[in-house]
Amino acid sequence: MDLQLSVKTALVTGSTAGIGFGIAASLAREGATVIVNGRKADAVERAVSEMRPAQAGKVLGFAGDLSQAAVADALAAKHPNVDILVNNLGIFEVQPFEKISDADWQRFFDVNVLSGARLARLYLPHMRQRNWGRIIFISSESAYHIPAEMIHYGMTKAAQIAVARGLAESLAGTGITVNSVLPGPTRSRGVGDFLKDWAAKDGKTAEQVENDFFKVARPTSLLKRFATPEEVAAMVTYVASPLAAATTGAALRVDGGTVKTAF
């Protein structure tokens with residue numbers, strides 16, 4: 001299937017590893033010009049060099065912390081013509097509610113929510129001028145299943161869905177779509193390290209630990225395994241394409257059936 005992305009420019013924030021890397025690589029394979037972003041220049045350079053040989057599209061890099069307004073402004077000045085904005089930048093940590101400080105709440109909001117809203121504001125004029133654009137927030141099934149051990153993280157994932165829906169409402173009747181994509185448990189680099197540490201601690205294999213995780217922590221999963229970043233990226237790549245013109249204002253789940261609904 002031709003996703004018609006060869007003349008599009010995409011920015012994927014937080015894309016030096018994990019889901020972000022998978023999304024950037026998938027868009028580049030479809031021929032899009034892709035801007036890879038991370039906070040550290042060496043990580044960006046490494047991701048770009050890994051991505052380039054196998055891609056049909058051009059792969060560029062931009063190093064900087066996009067939770068900072070000045071850095072976002074610098075990015076928009078250097079790359080003003082972004083057609084596809086994938087807000088993947090995010091942080092998480094396990095923290096009991098009583099120990100989540102005001103500064104932690106603010107930090108999570110700034111990185112996970114405000115960074116994406118700010119970039120959307122910066123790139124909307126270009127999209128409006130062309131009457132075409134894609135804005136995608138990478139949320140999480142944690143927006144519905146708020147983790148008791150990461151309430152501040154869950155809050156930001158729910159907020160992303162709200163921002164995406166409200167922005168889509170404001171763009172009704174245009175060629176610009178706004179959606180959120182909700183991965184479930186995904187085998188990112190951090191999850192892989194977590195499984196290895198857990199296995200070593202309990203004297204189990206990584207496979208046993210993964211089985212235990214889906215019995216105890218995510219028993220509603222129908223997939224019964226961690227998704228791969230590439231599986232999440234496939235959904236995002238389609239939603240970013242011209243073929244997905246009728247999909248907007250949606251919260252699209254790639255959660256392995258973890259979230260139960262009545263329909």
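All values reported here derive from a predicted model rather than from experimental measurement.
Pairs of residues two or more places apart, or lying in two chains, never qualify as salt bridge (Lys or Arg N to Asp or Glu O under 4.0 Å) while including a residue from residues 28-41. Counting only residues at least two apart or in different chains, salt bridge (Lys or Arg N to Asp or Glu O under 4.0 Å) contacts with residues 200-211 comprise R187-E210, K204-D212. The stretch residues 145-168 participates, sequence neighbours left out, in these side chain to side chain donor-acceptor pair (under 3.5 Å) pairs: E93-H152, N112-T156, E141-H145, K157-Q160, R165-E169. Sorted by first and then second residue, the salt bridge (Lys or Arg N to Asp or Glu O under 4.0 Å) pairs with a member in residues 55-65 form an empty list; sequence neighbours excluded. Note on residues 225-247: pairs passing salt bridge (Lys or Arg N to Asp or Glu O under 4.0 Å), not counting sequence neighbours, are R225-E231.
Listed by chain and residue number, D83, H126 satisfy the side-chain contact (heavy atoms from CB on, under 4.5 Å) test with R130 (two or more places apart in sequence, or in another chain). Checked against side-chain contact (heavy atoms from CB on, under 4.5 Å), A17 has the following partners two or more places apart in sequence or in another chain: R189. With sequence neighbours excluded, no residue satisfies side-chain hydrogen bond (donor to acceptor under 3.5 Å, both in side chains) with T13. For D73, the side-chain contact (heavy atoms from CB on, under 4.5 Å) partners are L122, not counting sequence neighbours. Evaluation of the ring pair (Phe, Tyr, Trp, His ring centres under 6.0 Å) rule for F62 yields no partner, not counting sequence neighbours.
Atom CG of L11 and atom CG of N81 lie 12.5 Å apart (nearest 0.5 Å). A distance of 9.5 Å separates CG in D255 from CG in L223, rounded to the nearest 0.5 Å. Taken from CD1 in I138 to CD1 in I23, the straight-line distance is 4.0 Å, to the nearest 0.5 Å. How far OG1 of T9 is from OH of Y123: 10.0 Å, rounded to the nearest 0.5 Å.
Of all heavy-atom pairs between I35 and S15, the closest is O-OG, 4.3 Å. When all heavy atoms of A117 and F137 are compared, the closest pair comes out as N-CE2, 4.1 Å. Minimum heavy-atom separation, D2 to L243: O-CD1, 3.6 Å. Taking both residues in full, the closest heavy atoms of S188 and G18 are given as CB-CA, 4.3 Å, listed atom of the first, atom of the second, then distance. Summarising the geometry of L89 relative to S115, their closest heavy-atom pair is CD2-OG, 3.9 Å, with the distance given to 0.1 Å.
Taking Ile, Leu, Val, Met, Phe, Trp and Tyr as hydrophobic and joining them when side-chain heavy atoms fall under 4.5 Å apart, one finds Y144 in a cluster with I161, L182, V259. Chaining together hydrophobic side chains whose heavy atoms lie under 4.5 Å apart leaves V7 on its own.
Aromatic rings from F92 and F108 are positioned such that their centres are separated by 6.0 Å or more.
Other residues, nucleotides and ligands place more than 12 heavy atoms under 6.0 Å from the NZ atom of K224.
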Salt bridge (charged side-chain N to carboxylate O under 4.0 Å, His left out) assessment of D110 paired with R107: CA-CA 5 Å; D110 288 347; R107 176 169 58 94; over 6 Å; no
Evaluation steps, side chain to side chain donor-acceptor pair (under 3.5 Å), between S26 and T237: CA-CA 7 Å; S26 179; T237 304; 2.6 Å; yes
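A distance-only check finds no donor-acceptor pair linking the side chain of S180 to the backbone of S139 [under 3.5 Å]. No donor-acceptor distance shorter than 3.5 angstrom exists from the side chain of S140 to the backbone of A143, with no hydrogens or angles considered. Although no hydrogens or angles enter the test, the distance criterion places a donor-acceptor pair under 3.5 Å between the side chain of T174 and the main chain of L171.
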